[in-house]
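Everything numeric in this text was worked out from a predicted model, so none of it was measured.
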2 protein chains.
Amino acid sequence: MQDESYKKSKAEMLPDPVVCTVDVVLLTLREGSFCYALVPREQEPFQGVAALPGGFVHPAEDKDLRASAERVLRDKAGIQGVYLEQLAVFSGVARDPRGWSISVAWYTLVPLEALQAALATGVILREVADLGGLPFDHAEIVRVALERVRSKSTYSSLPVHLCPATFTLPQLQAVYETLLGEPINKVSFRRKMEELAFVEPIKGEFDSSGAHRPAQLYRLKAKYRSRLSLTDRGMNSGG
Amino acid sequence: MQDESYKKSKAEMLPDPVVCTVDVVLLTLREGSFCYALVPREQEPFQGVAALPGGFVHPAEDKDLRASAERVLRDKAGIQGVYLEQLAVFSGVARDPRGWSISVAWYTLVPLEALQAALATGVILREVADLGGLPFDHAEIVRVALERVRSKSTYSSLPVHLCPATFTLPQLQAVYETLLGEPINKVSFRRKMEELAFVEPIKGEFDSSGAHRPAQLYRLKAKYRSRLSLTDRGMNSGG
DNA sequence: AGAATAGTGTCTGTGAGACATTATCTG
DNA sequence: CAGATAATGTCTCACAGACACTATTCT
(Lines give C-alpha, C1' and ligand atoms only; values in the text may rest on other atoms or scores of the structure.)
Protein backbone atom coordinates (compact mmCIF):
# COMPACT_ATOMS: atom_id res chain seq x y z
CA MET A 1 0.00 0.00 0.00
CA GLN A 2 2.84 2.38 0.75
CA ASP A 3 5.00 3.84 -1.94
CA GLU A 4 8.63 3.69 -0.84
CA SER A 5 9.76 6.21 -3.44
CA TYR A 6 8.12 9.00 -1.49
CA LYS A 7 9.95 8.12 1.69
CA LYS A 8 13.36 9.09 0.41
CA SER A 9 12.36 12.64 -0.29
CA LYS A 10 10.43 13.06 2.93
CA ALA A 11 13.24 14.82 4.73
CA GLU A 12 13.59 17.44 2.04
CA MET A 13 9.84 18.05 1.86
CA LEU A 14 9.53 18.65 5.58
CA PRO A 15 10.90 22.08 6.42
CA ASP A 16 11.56 21.05 10.02
CA PRO A 17 10.83 18.07 12.22
CA VAL A 18 8.02 18.58 14.72
CA VAL A 19 7.97 17.21 18.25
CA CYS A 20 4.73 15.21 18.46
CA THR A 21 3.34 14.10 21.82
CA VAL A 22 0.08 12.89 23.28
CA ASP A 23 -1.25 13.93 26.69
CA VAL A 24 -4.20 12.37 28.48
CA VAL A 25 -6.52 14.10 30.91
CA LEU A 26 -7.76 11.26 33.12
CA LEU A 27 -10.82 12.35 35.09
CA THR A 28 -12.41 10.55 38.01
CA LEU A 29 -14.54 11.15 41.10
CA ARG A 30 -13.01 10.68 44.55
CA GLU A 31 -15.36 11.09 47.51
CA GLY A 32 -17.65 13.30 45.51
CA SER A 33 -14.98 15.62 44.19
CA PHE A 34 -13.95 15.84 40.56
CA CYS A 35 -10.24 14.98 40.07
CA TYR A 36 -7.62 14.62 37.36
CA ALA A 37 -4.58 12.34 37.35
CA LEU A 38 -0.93 13.40 37.40
CA VAL A 39 2.28 11.41 37.07
CA PRO A 40 5.77 12.58 38.10
CA ARG A 41 7.81 13.30 34.97
CA GLU A 42 10.66 10.86 34.44
CA GLN A 43 12.80 13.07 32.21
CA GLU A 44 13.86 16.65 31.68
CA PRO A 45 12.42 19.15 31.23
CA PHE A 46 10.43 19.37 34.47
CA GLN A 47 11.85 16.08 35.73
CA GLY A 48 10.02 14.99 38.87
CA VAL A 49 7.23 17.52 38.43
CA ALA A 50 3.68 16.14 38.45
CA ALA A 51 2.33 16.32 34.90
CA LEU A 52 -0.42 14.88 32.73
CA PRO A 53 0.38 11.32 31.64
CA GLY A 54 1.86 11.73 28.19
CA GLY A 55 4.64 10.77 25.87
CA PHE A 56 6.07 10.92 22.41
CA VAL A 57 4.21 9.49 19.46
CA HIS A 58 5.88 6.28 18.26
CA PRO A 59 4.97 5.94 14.57
CA ALA A 60 6.69 2.58 14.31
CA GLU A 61 4.70 1.22 17.23
CA ASP A 62 1.35 3.06 17.24
CA LYS A 63 -1.23 2.47 14.53
CA ASP A 64 -2.52 6.00 15.01
CA LEU A 65 -2.74 8.68 17.71
CA ARG A 66 -5.51 6.87 19.56
CA ALA A 67 -3.14 3.94 19.89
CA SER A 68 -0.50 6.34 21.23
CA ALA A 69 -2.91 7.61 23.87
CA GLU A 70 -3.95 4.06 24.78
CA ARG A 71 -0.31 3.07 25.13
CA VAL A 72 0.34 6.01 27.45
CA LEU A 73 -2.67 5.07 29.59
CA ARG A 74 -1.52 1.45 29.72
CA ASP A 75 2.08 2.27 30.59
CA LYS A 76 1.44 5.07 33.08
CA ALA A 77 -1.86 4.12 34.70
CA GLY A 78 -2.17 0.42 33.95
CA ILE A 79 -5.64 0.69 32.45
CA GLN A 80 -7.06 -0.05 29.04
CA GLY A 81 -10.38 -0.38 27.28
CA VAL A 82 -11.72 2.84 28.74
CA TYR A 83 -13.79 5.58 27.16
CA LEU A 84 -11.24 7.78 25.39
CA GLU A 85 -11.97 10.80 23.25
CA GLN A 86 -9.86 13.34 21.40
CA LEU A 87 -9.86 16.76 23.02
CA ALA A 88 -7.81 19.17 20.92
CA VAL A 89 -4.33 19.90 19.67
CA PHE A 90 -2.07 22.29 21.53
CA SER A 91 0.79 23.64 19.52
CA GLY A 92 3.32 26.36 19.02
CA VAL A 93 6.71 27.61 19.92
CA ALA A 94 5.87 28.75 23.44
CA ARG A 95 4.45 25.66 25.13
CA ASP A 96 7.62 23.57 25.52
CA PRO A 97 11.12 24.89 26.41
CA ARG A 98 12.57 22.48 23.83
CA GLY A 99 10.92 24.53 21.09
CA TRP A 100 8.07 24.19 18.61
CA SER A 101 5.87 21.22 19.51
CA ILE A 102 2.48 19.61 19.09
CA SER A 103 0.53 17.85 21.80
CA VAL A 104 -2.58 15.93 20.84
CA ALA A 105 -4.68 15.90 24.00
CA TRP A 106 -7.21 13.20 24.89
CA TYR A 107 -9.57 12.83 27.81
CA THR A 108 -10.93 9.79 29.55
CA LEU A 109 -13.47 9.23 32.32
CA VAL A 110 -12.68 6.37 34.68
CA PRO A 111 -14.34 5.12 37.88
CA LEU A 112 -12.09 5.36 40.92
CA GLU A 113 -12.32 1.57 41.34
CA ALA A 114 -10.30 1.11 38.14
CA LEU A 115 -7.48 3.30 39.46
CA GLN A 116 -6.52 1.40 42.61
CA ALA A 117 -3.41 -0.17 41.06
CA ALA A 118 -2.37 3.11 39.50
CA LEU A 119 -2.75 5.01 42.77
CA ALA A 120 -0.61 2.42 44.53
CA THR A 121 2.22 2.99 42.08
CA GLY A 122 2.61 6.74 41.90
CA VAL A 123 -0.38 8.24 40.09
CA ILE A 124 -1.68 11.30 41.94
CA LEU A 125 -5.22 12.65 41.95
CA ARG A 126 -5.81 16.35 42.28
CA GLU A 127 -9.09 18.27 42.46
CA VAL A 128 -9.99 20.07 39.27
CA ALA A 129 -10.20 23.41 41.10
CA ASP A 130 -6.44 23.21 41.68
CA LEU A 131 -4.48 23.77 38.47
CA GLY A 132 -1.36 25.18 40.08
CA GLY A 133 2.19 24.11 39.37
CA LEU A 134 1.53 22.19 36.18
CA PRO A 135 4.34 22.19 33.60
CA PHE A 136 4.04 23.16 29.93
CA ASP A 137 0.48 24.24 29.06
CA HIS A 138 -1.04 21.36 31.00
CA ALA A 139 -3.21 23.69 33.11
CA GLU A 140 -4.78 25.00 29.91
CA ILE A 141 -5.29 21.44 28.62
CA VAL A 142 -7.12 20.43 31.81
CA ARG A 143 -9.20 23.61 31.61
CA VAL A 144 -10.31 22.78 28.07
CA ALA A 145 -11.02 19.17 29.06
CA LEU A 146 -13.24 20.29 31.95
CA GLU A 147 -15.06 22.70 29.70
CA ARG A 148 -15.66 19.95 27.14
CA VAL A 149 -16.79 17.34 29.66
CA ARG A 150 -19.12 19.74 31.46
CA SER A 151 -20.57 20.95 28.19
CA LYS A 152 -21.12 17.37 27.03
CA SER A 153 -22.57 16.28 30.36
CA THR A 154 -25.89 18.09 30.06
CA TYR A 155 -28.07 15.07 29.52
CA SER A 156 -25.64 12.96 27.55
CA SER A 157 -24.47 9.54 28.66
CA LEU A 158 -20.89 10.76 29.16
CA PRO A 159 -20.85 10.95 33.00
CA VAL A 160 -21.89 7.31 33.33
CA HIS A 161 -18.28 6.34 32.62
CA LEU A 162 -17.39 7.70 36.06
CA CYS A 163 -19.64 5.10 37.68
CA PRO A 164 -18.59 1.53 38.47
CA ALA A 165 -20.11 -1.34 36.48
CA THR A 166 -23.29 -1.28 38.58
CA PHE A 167 -24.78 1.78 40.25
CA THR A 168 -28.04 3.22 41.50
CA LEU A 169 -29.91 6.12 39.93
CA PRO A 170 -29.31 8.36 42.98
CA GLN A 171 -25.58 7.62 42.61
CA LEU A 172 -25.69 8.46 38.91
CA GLN A 173 -27.59 11.66 39.64
CA ALA A 174 -24.95 12.66 42.19
CA VAL A 175 -22.28 12.22 39.47
CA TYR A 176 -24.17 14.53 37.12
CA GLU A 177 -24.64 17.07 39.90
CA THR A 178 -20.94 17.05 40.76
CA LEU A 179 -19.94 17.58 37.14
CA LEU A 180 -22.52 20.27 36.46
CA GLY A 181 -22.07 21.89 39.86
CA GLU A 182 -25.79 22.29 40.52
CA PRO A 183 -28.64 20.17 41.87
CA ILE A 184 -30.92 18.39 39.40
CA ASN A 185 -34.61 17.76 39.83
CA LYS A 186 -35.06 14.09 40.70
CA VAL A 187 -38.21 13.50 38.66
CA SER A 188 -36.77 15.26 35.60
CA PHE A 189 -33.52 13.34 35.90
CA ARG A 190 -35.27 9.98 35.99
CA ARG A 191 -37.53 10.96 33.10
CA LYS A 192 -34.44 11.88 31.05
CA MET A 193 -32.63 8.65 31.90
CA GLU A 194 -35.75 6.75 30.81
CA GLU A 195 -35.86 8.75 27.58
CA LEU A 196 -32.12 8.49 26.77
CA ALA A 197 -32.31 4.79 27.61
CA PHE A 198 -28.59 4.01 27.92
CA VAL A 199 -28.95 2.32 31.32
CA GLU A 200 -31.10 -0.63 32.34
CA PRO A 201 -32.18 -2.00 35.75
CA ILE A 202 -30.58 -5.27 36.81
CA LYS A 203 -33.61 -7.36 37.67
CA GLY A 204 -33.70 -8.35 41.31
CA GLU A 205 -30.49 -6.58 42.34
CA PHE A 206 -30.54 -3.77 44.85
CA ASP A 207 -28.13 -1.66 46.90
CA SER A 208 -29.18 -2.25 50.52
CA SER A 209 -26.21 -0.55 52.15
CA GLY A 210 -28.20 2.28 53.74
CA ALA A 211 -30.67 2.45 56.59
CA HIS A 212 -33.53 3.01 54.18
CA ARG A 213 -35.35 1.56 51.23
CA PRO A 214 -32.86 -0.25 48.94
CA ALA A 215 -32.13 1.29 45.56
CA GLN A 216 -32.46 -0.57 42.26
CA LEU A 217 -29.07 -1.36 40.72
CA TYR A 218 -28.56 -0.31 37.12
CA ARG A 219 -25.88 -0.94 34.51
CA LEU A 220 -24.88 0.61 31.19
CA LYS A 221 -26.61 -1.22 28.35
CA ALA A 222 -24.33 -3.68 26.59
CA LYS A 223 -24.08 -1.72 23.35
CA TYR A 224 -22.71 1.35 25.16
CA ARG A 225 -20.22 -0.56 27.30
CA SER A 226 -16.48 -0.15 26.70
CA ARG A 227 -14.41 -3.17 27.61
CA LEU A 228 -12.64 -1.72 30.61
CA SER A 229 -9.93 -3.93 32.00
CA LEU A 230 -6.83 -3.55 34.08
CA THR A 231 -3.49 -4.69 32.79
CA ASP A 232 -1.87 -7.43 34.82
CA ARG A 233 1.36 -5.49 34.95
CA GLY A 234 1.86 -2.57 37.26
CA MET A 235 2.39 0.91 35.93
CA ASN A 236 5.51 2.44 34.39
CA SER A 237 6.76 -0.96 33.34
CA GLY A 238 6.81 0.04 29.68
CA GLY A 239 9.98 1.33 28.04
CA MET B 1 12.75 31.56 27.10
CA GLN B 2 13.98 28.54 25.20
CA ASP B 3 16.71 26.32 26.50
CA GLU B 4 19.11 25.54 23.65
CA SER B 5 20.67 22.62 25.50
CA TYR B 6 17.55 20.55 24.89
CA LYS B 7 17.66 21.09 21.14
CA LYS B 8 20.77 19.06 20.55
CA SER B 9 19.28 15.90 21.94
CA LYS B 10 15.92 16.30 20.23
CA ALA B 11 16.76 13.91 17.41
CA GLU B 12 17.66 11.11 19.80
CA MET B 13 14.57 11.60 21.91
CA LEU B 14 12.23 11.42 18.93
CA PRO B 15 11.96 7.84 17.74
CA ASP B 16 10.86 8.92 14.26
CA PRO B 17 9.96 12.16 12.55
CA VAL B 18 6.24 12.65 11.90
CA VAL B 19 4.77 14.29 8.82
CA CYS B 20 2.60 17.14 10.15
CA THR B 21 0.07 18.87 7.92
CA VAL B 22 -2.96 21.09 8.28
CA ASP B 23 -6.12 20.77 6.16
CA VAL B 24 -8.97 23.26 6.07
CA VAL B 25 -12.62 22.47 5.37
CA LEU B 26 -13.92 25.73 3.91
CA LEU B 27 -17.74 25.74 3.93
CA THR B 28 -20.01 28.15 2.14
CA LEU B 29 -23.53 28.47 0.70
CA ARG B 30 -23.96 28.75 -3.07
CA GLU B 31 -27.51 29.27 -4.31
CA GLY B 32 -28.95 27.67 -1.22
CA SER B 33 -26.78 24.58 -1.31
CA PHE B 34 -24.11 23.78 1.24
CA CYS B 35 -20.65 23.47 -0.36
CA TYR B 36 -17.01 22.86 0.53
CA ALA B 37 -13.92 24.14 -1.26
CA LEU B 38 -11.32 22.08 -3.11
CA VAL B 39 -7.99 23.02 -4.69
CA PRO B 40 -6.07 20.98 -7.28
CA ARG B 41 -3.00 19.45 -5.63
CA GLU B 42 0.25 20.91 -6.89
CA GLN B 43 2.50 18.00 -5.92
CA GLU B 44 2.60 14.24 -5.73
CA PRO B 45 0.96 12.22 -4.38
CA PHE B 46 -2.41 12.85 -6.08
CA GLN B 47 -0.95 15.70 -8.17
CA GLY B 48 -3.75 17.53 -9.96
CA VAL B 49 -6.50 15.88 -7.91
CA ALA B 50 -8.96 18.21 -6.19
CA ALA B 51 -8.24 18.13 -2.45
CA LEU B 52 -8.88 20.12 0.69
CA PRO B 53 -6.65 23.19 0.90
CA GLY B 54 -3.76 22.09 3.08
CA GLY B 55 -0.05 21.99 3.52
CA PHE B 56 2.87 21.18 5.73
CA VAL B 57 3.31 22.83 9.07
CA HIS B 58 6.22 25.30 8.96
CA PRO B 59 7.51 25.58 12.53
CA ALA B 60 10.01 28.27 11.57
CA GLU B 61 7.28 30.37 10.00
CA ASP B 62 4.06 29.60 11.89
CA LYS B 63 3.57 30.68 15.50
CA ASP B 64 1.27 27.71 16.06
CA LEU B 65 -1.09 25.45 14.12
CA ARG B 66 -3.76 28.13 13.85
CA ALA B 67 -1.18 30.26 12.07
CA SER B 68 -0.47 27.32 9.77
CA ALA B 69 -4.16 27.03 8.89
CA GLU B 70 -4.43 30.78 8.37
CA ARG B 71 -1.41 30.72 6.09
CA VAL B 72 -2.96 27.91 4.02
CA LEU B 73 -6.22 29.85 3.72
CA ARG B 74 -4.33 32.98 2.71
CA ASP B 75 -2.14 31.25 0.15
CA LYS B 76 -4.74 28.97 -1.40
CA ALA B 77 -7.97 30.96 -1.12
CA GLY B 78 -6.76 34.53 -0.66
CA ILE B 79 -8.83 35.14 2.46
CA GLN B 80 -7.99 35.97 6.04
CA GLY B 81 -9.61 37.12 9.24
CA VAL B 82 -12.40 34.55 8.95
CA TYR B 83 -14.00 32.40 11.63
CA LEU B 84 -11.66 29.42 11.98
CA GLU B 85 -12.00 26.56 14.44
CA GLN B 86 -10.08 23.40 15.12
CA LEU B 87 -11.92 20.26 14.04
CA ALA B 88 -9.86 17.17 14.95
CA VAL B 89 -6.63 15.38 14.24
CA PHE B 90 -6.48 12.61 11.68
CA SER B 91 -3.54 10.32 12.00
CA GLY B 92 -2.02 6.95 11.32
CA VAL B 93 -0.12 4.88 8.88
CA ALA B 94 -2.99 4.32 6.42
CA ARG B 95 -4.11 7.82 5.47
CA ASP B 96 -1.15 8.93 3.32
CA PRO B 97 0.79 6.75 0.86
CA ARG B 98 3.99 8.42 2.09
CA GLY B 99 3.53 6.71 5.44
CA TRP B 100 2.63 7.63 9.01
CA SER B 101 1.25 11.16 9.16
CA ILE B 102 -0.78 13.63 11.15
CA SER B 103 -3.26 16.10 9.73
CA VAL B 104 -4.71 18.75 12.00
CA ALA B 105 -8.03 19.65 10.42
CA TRP B 106 -9.74 23.02 10.75
CA TYR B 107 -13.05 24.31 9.48
CA THR B 108 -14.17 27.76 8.46
CA LEU B 109 -17.50 29.25 7.42
CA VAL B 110 -17.28 31.94 4.75
CA PRO B 111 -19.93 33.88 2.81
CA LEU B 112 -19.79 33.25 -0.93
CA GLU B 113 -19.11 36.95 -1.49
CA ALA B 114 -15.68 36.56 0.12
CA LEU B 115 -14.74 33.76 -2.28
CA GLN B 116 -15.07 35.55 -5.63
CA ALA B 117 -11.32 36.04 -6.08
CA ALA B 118 -10.60 32.46 -5.01
CA LEU B 119 -13.19 31.03 -7.42
CA ALA B 120 -11.65 33.04 -10.26
CA THR B 121 -8.25 31.48 -9.63
CA GLY B 122 -8.92 27.79 -9.33
CA VAL B 123 -10.79 27.05 -6.11
CA ILE B 124 -13.68 24.67 -6.75
CA LEU B 125 -16.92 24.40 -4.78
CA ARG B 126 -18.66 21.06 -4.43
CA GLU B 127 -21.93 20.21 -2.70
CA VAL B 128 -21.50 18.47 0.62
CA ALA B 129 -23.58 15.50 -0.52
CA ASP B 130 -20.81 14.66 -3.00
CA LEU B 131 -17.72 13.30 -1.27
CA GLY B 132 -16.48 11.19 -4.18
CA GLY B 133 -12.95 11.11 -5.54
CA LEU B 134 -11.25 12.87 -2.63
CA PRO B 135 -7.63 11.87 -1.92
CA PHE B 136 -6.25 10.69 1.45
CA ASP B 137 -8.97 10.61 4.12
CA HIS B 138 -10.36 13.98 3.03
CA ALA B 139 -13.87 12.54 2.61
CA GLU B 140 -13.84 11.50 6.25
CA ILE B 141 -12.53 14.93 7.29
CA VAL B 142 -15.38 16.68 5.46
CA ARG B 143 -17.88 14.24 7.00
CA VAL B 144 -16.66 15.06 10.50
CA ALA B 145 -16.70 18.80 9.73
CA LEU B 146 -20.31 18.60 8.54
CA GLU B 147 -21.31 16.66 11.62
CA ARG B 148 -19.64 19.23 13.86
CA VAL B 149 -21.10 22.25 12.08
CA ARG B 150 -24.61 20.80 11.99
CA SER B 151 -24.40 19.81 15.63
CA LYS B 152 -23.18 23.28 16.59
CA SER B 153 -25.79 25.01 14.44
CA THR B 154 -28.82 24.23 16.60
CA TYR B 155 -29.39 27.68 17.95
CA SER B 156 -25.80 28.83 18.16
CA SER B 157 -24.49 31.86 16.30
CA LEU B 158 -22.23 29.71 14.11
CA PRO B 159 -24.27 29.82 10.85
CA VAL B 160 -24.23 33.62 10.80
CA HIS B 161 -20.69 33.44 9.42
CA LEU B 162 -22.18 32.17 6.16
CA CYS B 163 -24.09 35.42 5.73
CA PRO B 164 -22.67 38.61 4.20
CA ALA B 165 -22.01 41.62 6.41
CA THR B 166 -25.67 42.66 6.31
CA PHE B 167 -28.61 40.31 5.97
CA THR B 168 -32.30 39.98 6.77
CA LEU B 169 -33.77 37.62 9.33
CA PRO B 170 -35.57 35.56 6.64
CA GLN B 171 -32.18 35.14 4.91
CA LEU B 172 -30.54 34.07 8.17
CA GLN B 173 -33.38 31.64 8.83
CA ALA B 174 -32.88 30.11 5.36
CA VAL B 175 -29.20 29.56 6.22
CA TYR B 176 -30.12 27.71 9.40
CA GLU B 177 -32.71 25.64 7.52
CA THR B 178 -30.18 24.66 4.85
CA LEU B 179 -27.63 23.57 7.44
CA LEU B 180 -30.12 21.71 9.60
CA GLY B 181 -32.03 20.29 6.64
CA GLU B 182 -35.45 21.07 8.05
CA PRO B 183 -37.84 24.03 8.23
CA ILE B 184 -37.86 26.18 11.39
CA ASN B 185 -40.86 27.90 12.90
CA LYS B 186 -40.59 31.59 12.08
CA VAL B 187 -41.88 32.89 15.40
CA SER B 188 -39.62 30.56 17.40
CA PHE B 189 -36.62 31.46 15.26
CA ARG B 190 -37.10 35.16 15.85
CA ARG B 191 -37.68 34.64 19.54
CA LYS B 192 -34.39 32.71 19.73
CA MET B 193 -32.46 35.34 17.78
CA GLU B 194 -33.83 37.96 20.15
CA GLU B 195 -32.81 35.84 23.14
CA LEU B 196 -29.32 34.94 21.85
CA ALA B 197 -28.83 38.58 20.90
CA PHE B 198 -25.81 38.27 18.63
CA VAL B 199 -27.39 40.26 15.78
CA GLU B 200 -28.80 43.79 15.77
CA PRO B 201 -31.06 45.66 13.34
CA ILE B 202 -29.41 48.43 11.33
CA LYS B 203 -31.72 51.35 12.01
CA GLY B 204 -33.45 52.63 8.91
CA GLU B 205 -31.91 50.10 6.50
CA PHE B 206 -34.08 47.62 4.65
CA ASP B 207 -33.82 45.09 1.84
CA SER B 208 -36.40 46.25 -0.70
CA SER B 209 -35.41 43.90 -3.51
CA GLY B 210 -38.67 41.91 -3.53
CA ALA B 211 -42.21 42.75 -4.60
CA HIS B 212 -43.38 42.81 -1.01
CA ARG B 213 -42.83 44.46 2.32
CA PRO B 214 -39.10 45.27 2.76
CA ALA B 215 -37.17 43.31 5.36
CA GLN B 216 -35.15 44.89 8.14
CA LEU B 217 -31.40 44.57 7.58
CA TYR B 218 -29.38 43.11 10.43
CA ARG B 219 -25.68 42.74 11.17
CA LEU B 220 -23.58 40.73 13.60
CA LYS B 221 -22.94 42.74 16.76
CA ALA B 222 -19.48 44.28 16.82
CA LYS B 223 -18.14 42.08 19.60
CA TYR B 224 -18.88 38.90 17.62
CA ARG B 225 -17.46 40.17 14.33
CA SER B 226 -14.28 38.63 12.93
CA ARG B 227 -12.21 40.98 10.86
CA LEU B 228 -12.83 39.35 7.51
CA SER B 229 -10.73 40.74 4.73
CA LEU B 230 -9.45 39.66 1.36
CA THR B 231 -5.77 39.66 0.63
CA ASP B 232 -4.78 42.00 -2.17
CA ARG B 233 -2.81 39.24 -3.82
CA GLY B 234 -4.48 36.50 -5.77
CA MET B 235 -4.32 32.92 -4.63
CA ASN B 236 -1.42 30.49 -4.81
CA SER B 237 1.05 33.31 -4.86
CA GLY B 238 2.73 32.11 -1.70
CA GLY B 239 5.90 30.02 -1.84
C1' DA C 1 -42.13 3.44 65.79
C1' DG C 2 -39.04 6.70 63.70
C1' DA C 3 -35.51 8.04 60.59
C1' DA C 4 -33.81 8.01 56.19
C1' DT C 5 -33.77 7.63 51.40
C1' DA C 6 -36.01 5.33 47.10
C1' DG C 7 -39.38 5.79 43.95
C1' DT C 8 -43.87 7.64 41.86
C1' DG C 9 -48.14 10.55 41.03
C1' DT C 10 -49.77 15.05 39.96
C1' DC C 11 -50.03 20.10 39.34
C1' DT C 12 -48.40 24.18 37.22
C1' DG C 13 -45.75 27.65 34.78
C1' DT C 14 -42.79 28.33 30.88
C1' DG C 15 -41.85 28.15 26.32
C1' DA C 16 -41.93 26.31 21.54
C1' DG C 17 -44.79 25.70 17.63
C1' DA C 18 -49.31 26.50 15.03
C1' DC C 19 -52.20 29.73 13.30
C1' DA C 20 -53.99 34.11 12.23
C1' DT C 21 -53.60 38.92 11.39
C1' DT C 22 -51.56 43.15 10.09
C1' DA C 23 -47.87 45.77 7.40
C1' DT C 24 -45.72 47.33 3.22
C1' DC C 25 -43.72 46.82 -0.85
C1' DT C 26 -44.15 45.89 -6.58
C1' DG C 27 -46.62 45.67 -10.72
C1' DC D 1 -56.04 46.32 -6.17
C1' DA D 2 -53.82 41.79 -6.22
C1' DG D 3 -49.94 39.27 -4.97
C1' DA D 4 -46.14 38.43 -2.20
C1' DT D 5 -43.50 38.24 1.83
C1' DA D 6 -42.25 40.70 6.41
C1' DA D 7 -43.39 41.09 10.99
C1' DT D 8 -46.15 40.38 15.03
C1' DG D 9 -50.07 38.88 18.17
C1' DT D 10 -52.22 34.99 20.36
C1' DC D 11 -53.64 30.22 21.42
C1' DT D 12 -52.42 25.65 22.75
C1' DC D 13 -49.95 21.64 23.90
C1' DA D 14 -45.81 19.50 25.78
C1' DC D 15 -42.58 19.25 29.15
C1' DA D 16 -39.47 20.47 33.02
C1' DG D 17 -39.53 21.41 37.73
C1' DA D 18 -42.05 21.70 42.29
C1' DC D 19 -44.40 19.35 45.59
C1' DA D 20 -46.44 15.72 47.85
C1' DC D 21 -47.15 11.14 48.77
C1' DT D 22 -46.06 6.14 49.14
C1' DA D 23 -42.52 2.29 49.70
C1' DT D 24 -39.03 -0.14 52.15
C1' DT D 25 -35.28 -0.68 54.67
C1' DC D 26 -32.44 -0.29 59.43
C1' DT D 27 -32.08 0.83 64.25
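Residues meeting the ring-ring contact (aromatic ring centres under 6.0 Å, His included) test with A/Tyr218, sequence neighbours left out: none. Judged as a side-chain hydrogen bond (donor to acceptor under 3.5 Å, both in side chains), and not counting sequence neighbours, the contacts of A/Glu200 are A/Arg219. Partners of A/Asn185 under the side-chain hydrogen bond (donor to acceptor under 3.5 Å, both in side chains) rule, at least two apart in sequence or in another chain, are A/Ser188. Residues that satisfy the side-chain hydrogen bond (donor to acceptor under 3.5 Å, both in side chains) test with B/Ser151, not counting sequence neighbours, are absent from this structure. Residues that satisfy the ring-ring contact (aromatic ring centres under 6.0 Å, His included) test with B/Phe189, not counting sequence neighbours, are B/Tyr176.
Between B/Tyr36 and B/Glu127, the closest heavy-atom pair is CE2-O, 3.5 Å.
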Do any side-chain atoms of residues 133-140 of chain B form donor-acceptor pairs under 3.5 angstrom with protein atoms, and if so which ones, sequence neighbours left out?
{"unit_1": "B/Asp137", "atom_1": "OD1", "unit_2": "B/Arg95", "atom_2": "NE", "d": "3.2"}
{"unit_1": "B/Asp137", "atom_1": "OD1", "unit_2": "B/Arg95", "atom_2": "NH2", "d": "3.0"}
{"unit_1": "B/Asp137", "atom_1": "OD2", "unit_2": "B/Arg95", "atom_2": "NE", "d": "2.8"}
{"unit_1": "B/His138", "atom_1": "ND1", "unit_2": "B/Leu52", "atom_2": "N", "d": "3.2"}
{"unit_1": "B/Glu140", "atom_1": "OE1", "unit_2": "B/Arg143", "atom_2": "NE", "d": "3.2"}

Only pairs under 3.5 Å count here: list side-chain donor-acceptor contacts from residues 191-199 of chain A, not counting sequence neighbours, and write none if there are none.
{"unit_1": "A/Lys192", "atom_1": "NZ", "unit_2": "A/Glu195", "atom_2": "OE1", "d": "3.3"}

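The span of DNA chain D lying next to chain A, judged by atoms under 4.0 Å from heavy atoms, is bounded 5' to 3' by D/dA16 to D/dC26. Along DNA chain C, the stretch of nucleotides lying under 4.0 Å from any heavy atom of chain B spans, 5' to 3', C/dA16 to C/dT26.
Residues from residues 177-200 of chain A lying near DNA chain C, meaning a heavy-atom separation below 4.0 Å, are A/Lys186, A/Val187, A/Arg190 in numerical order. Of the residues in residues 206-221 of chain A, A/Gly210, A/Ala211, A/His212, A/Arg213, A/Pro214 come within less than 4.0 Å of DNA chain D through at least one heavy atom, sorted by number.
More than 12 non-hydrogen atoms from other residues, nucleotides or ligands lie less than 6.0 angstrom from NZ of B/Lys221.
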Audit row: A/Leu29, A/Leu179, side chain to side chain contact (heavy atoms under 4.5 Å, CB included) steps and yes/no: CA-CA 9 Å; A/Leu29 285 178; A/Leu179 263 56; 4.3 Å; yes
side-chain hydrogen bond (donor to acceptor under 3.5 Å, both in side chains) between B/Asp64 and A/Ser91, intermediate numbers included: CA-CA 5 Å; B/Asp64 52 22; A/Ser91 63; 5.2 Å; no
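The side chain to side chain donor-acceptor pair (under 3.5 Å) contacts involving residues 160-169 of chain A comprise nothing, where partners must be two or more places apart or lie in separate chains.
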